[in-house]
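Below: the structure, in structure tokens.
The sequence lines fix the lettering, A, B, ..., with proteins before strands; numbering per chain opens at 1.
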There are 2 protein chains.
Amino acid sequence: MTETLQPPSASNGEDPAFAAPGAPRRYHHGDLSRALVSAGRRILEREGPDALSLRAVAREAGVSPAAPYHHFKDKSELLEAVAHEGWEELGEAVKEARKRASDAHVALGEIGVAYVSFARQHPALYRIMYRMACDREAMPDGAKTQDSGWTQVESAIIEAGVNPSDERAMMLTQIAAWCTAHGVAEMAGFKEFDGLKAAMGGEQAFIRAVFRHVGIMSGQRAAS
Amino acid sequence: MTETLQPPSASNGEDPAFAAPGAPRRYHHGDLSRALVSAGRRILEREGPDALSLRAVAREAGVSPAAPYHHFKDKSELLEAVAHEGWEELGEAVKEARKRASDAHVALGEIGVAYVSFARQHPALYRIMYRMACDREAMPDGAKTQDSGWTQVESAIIEAGVNPSDERAMMLTQIAAWCTAHGVAEMAGFKEFDGLKAAMGGEQAFIRAVFRHVGIMSGQRAAS
DNA sequence: AAGATGATCTTGACACCGTTCAGATATGTT
DNA sequence: AACATATCTGAACGGTGTCAAGATCATCTT
């Protein structure tokens, strides 16, 4: 703990996200709350979710263990911020997937693949994202409004043929889609499927194939 | 730490699972590893997964914090044992659901509902079960052999019309079923759906409805 | 029967964790 | 220049997983 006495903003010298480009390190840290979130994400990608302690985040940002408490009331509030960033990025990936889909009939499937691909590219982040969503009472502000991922899926469902005025069917389809995507996202990481994934020529092909077989749970015939 | 000096087997005096009925408390504890697993499960049901620390389990079993290390090399090895017990019970629930299903064509759906129901009845336990399964390299011994849940699903898939000699299709259907069930199991606990669940007359009805809408991800038409 | 053996449990310690609080320090305002 | 406020540090508390050393007890050997 002796070398912590350096100027607080020394550990993020080259990152332009922390202070305005021209501003000459204005202040104790500059913009700690943003720095903490990005430090948390860096730890997540580098060392996994178990290494994501509040102290480690503070260490990574170059501040004392108590500093985060001036910007977040809790550890979970910090994680919530990290997760929020993740959900926004996932939302954009979903949006682009929908744009890419030529036929409206397959758009939902493409969205599902995009969802799972994101989760697989950022497994530690996704874990946190989902964990925070689990314990939440309701969806966060701005999740259903605007052009969020949720709304994208909603539109895709309508285009897939569900009657938009049937609120219950809309909701149930939305939920079913999310359930499926989440289930595939988590289980696609299982190591016991590595052999199958390799035999199918990559994880992407594996994911698509699993989606194609999902209908059987609803009593439909097996997919070809 | 002063009242810990009581005889070690004092805290489980009336529980018949720890020592053979006639045996007069044979030994230091009797059968600590089993006692630890059941203590862990008790904590899980009573206080949730976050309260499940190794020390708390030891406390609940009436032994010192280091005692578990003579029976499990790790905390995670203890959790694995707890999870194993859970998977076995879930397997039995699945088995009974399959027996209950009249038509082979709906057996898979019934299995799914049974899976989710179990997860919802033991949410904390299921969380641990799934977490341990995630980090596992392969399925534990005896999961695929004998009449386990996995094998039950396998048979149900065959009866649902998948060609049993097509190994890949069998595997993919199995995985898709598990993904779906897991996704529904976790998301059925979301508080944001409480309103919908109530409007549908209970969680059971909600679960069935979600399963019915799952096929849309594979490009099928919306369910009625 | 007595002593050796090895498994089982306790004690005490270590590093790390989340969290709090009093005090130091820099910023913004008057 | 002096005050007020936001921000950060240092030290502490109770909790955690884990380990090494010692105590205790069932069982095996002689």
Regarding A/R34 and A/S38, do their side chains bring together a donor and an acceptor under 3.5 Å, going by distance alone? no
Tell me every residue that passes side-chain hydrogen bond (donor to acceptor under 3.5 Å, both in side chains) with A/E154, counting only those two or more places apart in sequence or in another chain. none
Going by side-chain hydrogen bond (donor to acceptor under 3.5 Å, both in side chains), name the residues that satisfy it together with A/E89, two or more places apart in sequence or in a different chain. A/R41
Less than 4.0 Å between a side-chain N and a carboxylate O, is that true for B/E203 and B/R120? yes
Polar atoms only, N or O, under 3.5 Å: list the protein pairs with nucleotides 14-17 of chain C and their distances.
{"residue": "C/dC17", "atom": "OP1", "partner": "A/S53", "partner atom": "OG", "Å": "2.9"}
{"residue": "C/dC17", "atom": "OP2", "partner": "A/R59", "partner atom": "NH2", "Å": "2.6"}

Atom-to-atom span, NE2 of B/H70 to P of D/dC25 - whole angstrom: 15 Å
Do B/K197 side-chain atoms and B/A188 backbone N/O form a donor-acceptor pair below 3.5 Å? yes
Among C/dT10, D/dT18, D/dC8, the one nearest B/D74 by side-chain distance: D/dT18
Please, which pairs that meet ring pair (Phe, Tyr, Trp, His ring centres under 6.0 Å) have at least one residue in residues 122-143 of chain A, sequence neighbours excluded? A/Y115-A/Y126, A/F118-A/H122, A/Y126-A/H182, A/Y130-A/H182, A/Y130-B/F190
Within the pair A/H71 and D/dA6, is there a side-chain N or O less than 4.0 Å away from OP1 or OP2? no
Where do N or O atoms of nucleotides 4-6 of chain C meet protein N or O atoms at under 3.5 Å, pair by pair?
none

Counterpart residues, side-chain hydrogen bond (donor to acceptor under 3.5 Å, both in side chains), relative to A/D74 (two or more places apart): none
